[in-house]
Asks: 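First the structure, which I've put down as structure tokens, then a few questions once you've had a look.
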Amino acid sequence: MKTHRLIATAILSFFALFLYNNDANACSRIVYEGNNSLIVVGRSLDWKTPIPTNIYVYPRGMEKQGNRQENSVKWRSRYGAVYAVSYDGGITEGMNEMGLVINGLFCKGTVYSNTDTENRPPMSLAVFVAWLLDMNATTDEVVSVLKQHNFNISGATFDGGTVSALHWGITDASGKSAILEFDNGNVNIYEGTDLQALTNDPAFPKMQAILNYWHNIGGTNMLPGTVKSPDRYVRADFFTRHVRKTADADTAASIARSIVMNVSVPYLYNIETEPNVSSTQWRSLANTRDKRYYFDIVTNSGMFYIDLNRCNIKEGAPVLKLDTSKSSKYVGDVTSKLVKSKPFNPMY
């Protein structure tokens with residue numbers, strides 16, 4: 001019986017790899033669990049062209065809405081947060097003051113809406129992550145909101161008409177994670193404390209079947225090595241489970257960064273037969289215990305971070321911004337380089 005299960009899993013894995021071997025929008029996410037409540041969430045953002053991304057810090061108590069339409073979702077933020085905002089128009093990811101982290105990654109099969117969701121309050125992808133971070137402290141709280149599904153997601157195209165087909169990894173300061181995917185307008189959520197990795201396609205259940213196949217093989221002597229999504233997923237999961245645990249923030253950042261680099265796509269790498277393979281543009285790390293948000297642009301000299309504990313996020317405080325184009329030599333703690341700014345203009 002065990003042999004039959006292994007064979008079935010291998011067959012499923014083969015077909016999943018075959019169907020999804022043209023991974024175009026590569027991104028990877030890992031969750032490193034250290035000692036003394038230290039959690040570091042790392043990710044890479046991979047794209048065919050550079051994606052200008054600036055760092056914003058928003059205070060508590062701001063009035064916001066999910067779209068320009070009058071009946072859109074509206075909220076007043078409970079928590080301050082740091083956001084990575086691409087094109088100064090849409091939030092890719094972020095971490096709030098409670099240590100909740102949400103990262104958006106491409107997932108080609110995503111369909112957000114159906115006839116049942118059409119008349120629900122509009123929510124733009126440009127601010128979807130902000131809504132969840134602004135109003136929730138834990139993964140369980142986010143999951144509760146998502147299961148209610150009292151919203152209808154939509155988003156502007158970008159970069160010449162590209163549709164933002166995404167799924168999300170969610171992790172809080174306790175280490176509990178959830179994966180959010182939309183399947184023809186239906187919300188699919190996978191929860192646990194051992195969701196160590198996320199890449200792109202296929203959808204999470206099929207990806208888990210591939211991972212189970214590799215768990216049976218092992219990994220110490222052989223791991224899949226291409227830049228395709230299933231291979232990156234297997235490597236990310238294996239290394240996060242087998243690296244040394246530490247309680248030191250700097251060491252943990254180095255460990256998580258090295259794992260994310262292992263599953264990154266080399267800069268300007270291309271395959272002639274797969275013109276849409278994307279190379280890594282930037283990487284990030286979010287230390288949920290110490291509230292440090294690291295950013296690592298691959299063409300820059302080093303990695304820098306924002307210490308959210310040192311930011312004024314009280315109600316009434318100004319929005320702060322770090323324009324990453326101002327210098328290619330940011331390294332270490334750059335909290336003091338944040339400047340007062342207008343809120344970014346969402347690409348609804």
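The model shown is predicted, which means the values in this text are computed figures rather than measured ones. The first residue of the sequence shown is numbered 1, and numbering continues consecutively from there. What's counted below: heavy atoms across the whole structure, side chains too, no hydrogens, waters or symmetry copies.
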Asks: In terms of side-chain heavy atoms, does N186 have a donor or acceptor partner in D183 at a distance below 3.5 Å?
Replies: no

Asks: Can you tell me how far apart OG (S86) and CG (L45) are? Round to the nearest 0.5 Å.
Replies: 6.0 Å

Asks: Are a donor atom and an acceptor atom from the side chains of N54 and D88 found within less than 3.5 Å of each other?
Replies: yes

Asks: Against K176, only a single residue in T138, T139, D140, T171 fulfils side-chain hydrogen bond (donor to acceptor under 3.5 Å, both in side chains); can you say which?
Replies: D140

Asks: Can N152 and T117 be counted as having a side-chain donor-acceptor contact under 3.5 angstrom?
Replies: yes

Asks: Report yes or no: do V263 and Y213 belong to one cluster of Ile/Leu/Val/Met/Phe/Trp/Tyr joined by side chain heavy-atom distances under 4.5 Å?
Replies: no

Asks: Going by atom types only, do R232 and N262 share a side-chain donor-acceptor pair under 3.5 Å?
Replies: no

Asks: Mind listing the closest non-hydrogen atom pair of S258 and I255 along with its distance?
Replies: OG-O, 2.7 Å

Asks: Just how far is it from atom OH of Y330 to atom CG of D323, taken to the nearest 0.5 Å?
Replies: 7.0 Å

Asks: List the residues meeting side chain to side chain donor-acceptor pair (under 3.5 Å) with E93, not counting sequence neighbours, and say none if there are none.
Replies: R43, N103, S284, Y293

Asks: Quick one: do W75 and D134 satisfy side chain to side chain donor-acceptor pair (under 3.5 Å)? Show the steps, please.
Replies: CA-CA 9 Å; W75 70 97; D134 289 355; 2.9 Å; yes

Asks: Check for me, please, whether V82 and V319 land in the same ILVMFWY cluster - side-chain distances under 4.5 Å, paths through other members count.
Replies: yes

Asks: Listed by chain and number, what are the ring-ring contact (aromatic ring centres under 6.0 Å, His included) partners of Y79, not counting sequence neighbours?
Replies: none

Asks: Taking side-chain hydrogen bond (donor to acceptor under 3.5 Å, both in side chains) as the cut-off, I'd like each qualifying pair that reaches into residues 297-310, sequence neighbours left out, listed once.
Replies: R310-D333

Asks: Nearest heavy-atom pair of E33 and I39: which atoms, and what distance?
Replies: CG-CD1, 3.6 Å

Asks: Just wondering, are more than 12 heavy atoms of other shown residues or ligands nearer than 6.0 Å to NZ in K64?
Replies: yes

Asks: Please check if any side-chain donor atom of Q208 sits under 3.5 Å from a side-chain acceptor atom of Y233, or the reverse.
Replies: yes

Asks: Report yes or no: do H167 and N188 form a side-chain donor-acceptor pair below 3.5 Å?
Replies: no

Asks: Give a yes or no on this: more than 12 heavy atoms of other residues, nucleotides or ligands lie within 6.0 Å of atom NZ of K326.
Replies: no

Asks: Should I306 and V334 count as side-chain neighbours, where that means a heavy-atom distance under 4.5 Å?
Replies: yes

Asks: In the single-linkage hydrophobic clustering (I, L, V, M, F, W, Y; side-chain heavy atoms under 4.5 Å), do V145 and M123 co-cluster?
Replies: yes

Asks: So, for T110 and L166, which heavy atoms are closest and what is the spacing to 0.1 Å?
Replies: OG1-O, 3.1 Å

Asks: May I ask you to check whether N150 and R120 show a side-chain donor-acceptor distance below 3.5 Å?
Replies: no

Asks: Is it the case that atom CD in E70 sees more than 12 heavy atoms from other parts of the structure closer than 6.0 Å?
Replies: no

Asks: What closest approach, in Å, do L198 and L105 show between heavy atoms, and which atom pair accounts for it?
Replies: O-CD2, 3.6 Å

Asks: When clusters are formed by joining ILVMFWY residues with side-chain heavy atoms under 4.5 Å apart, either directly or through shared neighbours, do F344 and M347 land in the same one?
Replies: yes

Asks: Tell me which one of Y58, Y56, F295, F128 satisfies ring-ring contact (aromatic ring centres under 6.0 Å, His included) with Y83.
Replies: Y58

Asks: Judged by modelled atom types alone, do S229 and D201 share a side-chain donor-acceptor pair under 3.5 Å?
Replies: no

Asks: How many angstroms lie between atom CD1 of I259 and atom CD1 of I30, to the nearest 0.5 angstrom?
Replies: 4.5 Å

Asks: For R60, does the CZ atom sit with more than 12 other heavy atoms under 6.0 Å from it, leaving out its own atoms?
Replies: yes

